[in-house]
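Before any comments, here is the structure.
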Amino acid sequence: PPRRTGSGTKARKFLPCRVVWFCFLPMAIAATARAEKPVPAHPNELQYAKLDYKIPPASQFREVLSNGMVVYIAEDRMLPTFDLHITLATASAFDPQDKVGLASLTGEELRDGGTQDLTPEELDERVEFLAARVFSNIGETGGSAGVSLLSKDIDTGLELLISVLRYPRFDENRFRLAKERRIQNIKRRNDGTDQIEQMEFGFLMNGEDHFSNWYPSTATLNAVTRED
């Protein structure tokens, strides 16, 4: 078709120039701002505005439930999420010396071993469907458990967590695999000098009888049963 001429063509000719001008203007302003404040020669010369933040007292968030349990509730509406962290009064420091590794296995299998009503695979599927995280673990001086998920799924998430803590299945296959993984780690324990140095440093600082220096062995792990 014949090319159109007139005001419409002129407008189209000037349009790219206007677009370039509007894109260039913010960059020119930013460049001017940077020129007014030169970049320091060294990171130590960077200056920041004073941060005036006061840590709120813990008593502001402390509540005592009717059963005597102490909870701390901190509301944050930035994201539609819910996070619950529970501190458990248990630790591997209480392991019998002939069954070192008992607490660690228990903490892992509380979550990974399924529940009374859900197999491990079914529990995993429920958690994944909610895009949630349900966890449990027991360390040297304490244990923990909790759940993180979207706020709209709080009831479902709490039901799963309660089932994990009150009605654990300790699935036989998951329990066996957890022990096998730990035994494999024991076989590789001395592969790196850093691990050997860390253990020897602990022996020198606290003595071999201190609970922090109780390392599981194949014998102590094999001695742990589901009944324990």
Side-chain angles (χ1 to χ4, degrees), residues 58-77 79-183 185 211-212 214-216 220-228:
S59 59
Q60 179 179 335
F61 308 100
R62 190 177 189 273
E63 299 287 344
V64 181
L65 303 183
S66 57
N67 60 3
M69 183 180 295
V70 177
V71 298
Y72 290 87
I73 304 173
E75 187 176 17
D76 184 353
R77 295 185 177 274
L79 295 173
T81 57
F82 172 80
D83 298 285
L84 173 65
H85 186 100
I86 301 173
T87 300
L88 304 176
T90 184
S92 62
F94 302 120
D95 279 353
Q97 292 201 20
D98 60 339
K99 294 186 178 183
V100 175
L102 170 60
S104 176
L105 279 168
T106 302
E108 180 178 326
E109 293 308 301
L110 277 172
R111 161 61 182 88
D112 291 349
T115 69
Q116 197 174 65
D117 299 325
L118 297 172
T119 66
E121 293 75 18
E122 290 171 339
L123 176 59
D124 292 342
E125 185 177 352
R126 294 279 186 91
V127 173
E128 291 171 4
F129 179 78
L130 296 172
R133 176 177 177 250
V134 177
F135 66 90
S136 64
N137 65 78
I138 299 176
E140 286 185 354
T141 57
S144 63
V147 60
S148 300
L149 75 172
L150 293 174
S151 300
K152 66 182 183 66
D153 299 319
I154 287 178
D155 292 341
T156 305
L158 289 178
E159 288 177 3
L160 290 175
L161 180 61
I162 291 171
S163 296
V164 163
L165 295 178
R166 298 188 64 182
Y167 311 108
R169 176 186 291 256
F170 293 118
D171 180 79
E172 185 66 44
N173 288 331
R174 291 286 182 98
F175 180 68
R176 175 179 54 80
L177 289 173
K179 290 173 67 173
E180 289 178 356
R181 285 196 301 269
R182 282 166 168 74
I183 291 173
N185 290 334
F211 68 85
S212 63
W214 295 351
Y215 294 97
T220 62
L221 289 174
N222 285 332
V224 178
T225 65
R226 290 176 67 243
E227 288 69 23
D228 293 326

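Along the sequence shown, the residues carry numbers beginning at 1.
Nearest approach of Glu109 to Ala178, heavy atoms of both residues: OE2-CB, 3.4 Å. Here the closest heavy-atom approach between residue Val147 and residue Gly157 is recorded as CG2-O, 4.2 Å. When all heavy atoms of Ala103 and Asp95 are compared, the pair lying nearest together is N-OD1, 3.1 Å. In terms of heavy-atom proximity, Pro120 sits nearest to Arg174 at CB-CZ, 3.4 Å. The shortest non-hydrogen separation linking Val100 to Gln97 is CG2-O, 3.5 Å. Heavy-atom minimum distance, Gly101 versus Leu221: CA-CD2, 4.2 Å.
In this structure the side chain of Ser144 reaches within 4.5 angstrom of the side chain of His85, judged on heavy atoms. A 4.5 Å side-chain heavy-atom check between Glu63 and Tyr72 finds every atom pair outside the cut-off. Looking only at side-chain heavy atoms (C-beta outward), Phe175 and Val224 come within less than 4.5 Å of each other. Using a 4.5 Å heavy-atom cutoff, the side chains of Leu105 and Ile138 are not in contact. Looking only at side-chain heavy atoms (C-beta outward), Phe82 and Leu149 come within less than 4.5 Å of each other.
Between Leu158 atom CG and Leu161 atom CG the span is 7.0 Å, to the nearest 0.5 Å. If you take CG on Asn137 and CG on Leu110, they are separated by 9.5 Å, rounding to the nearest 0.5 Å. With rounding to the nearest 0.5 angstrom, the CG atom of Leu102 is 4.5 Å from the OG1 atom of Thr106. Rounded to the nearest 0.5 angstrom, Asp153 CG and Thr81 OG1 are separated by 11.5 Å. Expressed to the nearest 0.5 Å, how far CZ of Arg133 lies from CG of Asp83 amounts to 9.0 Å. In this structure, CG in Leu118 is found 13.0 Å from OH in Tyr167, a value given to the nearest 0.5 Å.
Remark: Asp124 engages Arg111 in a salt bridge, criterion side-chain N to carboxylate O under 4.0 Å. Using a cutoff of 4.0 Å between basic side-chain nitrogens and carboxylate oxygens, Glu172 and Arg226 are scored as salt-bridged. Ion pair Arg126/Glu121 not flagged as a salt bridge, since none of the NZ, NE, NH1 or NH2 atoms sits closer than 4.0 Å to an Asp/Glu carboxylate oxygen. Under 4.0 Å is where a charged nitrogen must lie from a carboxylate oxygen, and between Arg176 and Glu180 at least one such pair does. Salt bridge annotation for Glu108-Arg181: present, with a cationic side-chain nitrogen under 4.0 angstrom from a carboxylate oxygen.
Remark: the backbone N or O of Gly143 is not paired with any side-chain donor or acceptor of Thr90 at under 3.5 angstrom.
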side-chain hydrogen bond (donor to acceptor under 3.5 Å, both in side chains) assessment of Asp228 paired with Thr225: CA-CA 5 Å; Asp228 293 326; Thr225 65; 3.2 Å; yes
Full working for side-chain contact (heavy atoms from CB on, under 4.5 Å) between Glu122 and Thr119: CA-CA 5 Å; Glu122 290 171 339; Thr119 66; 3.2 Å; yes
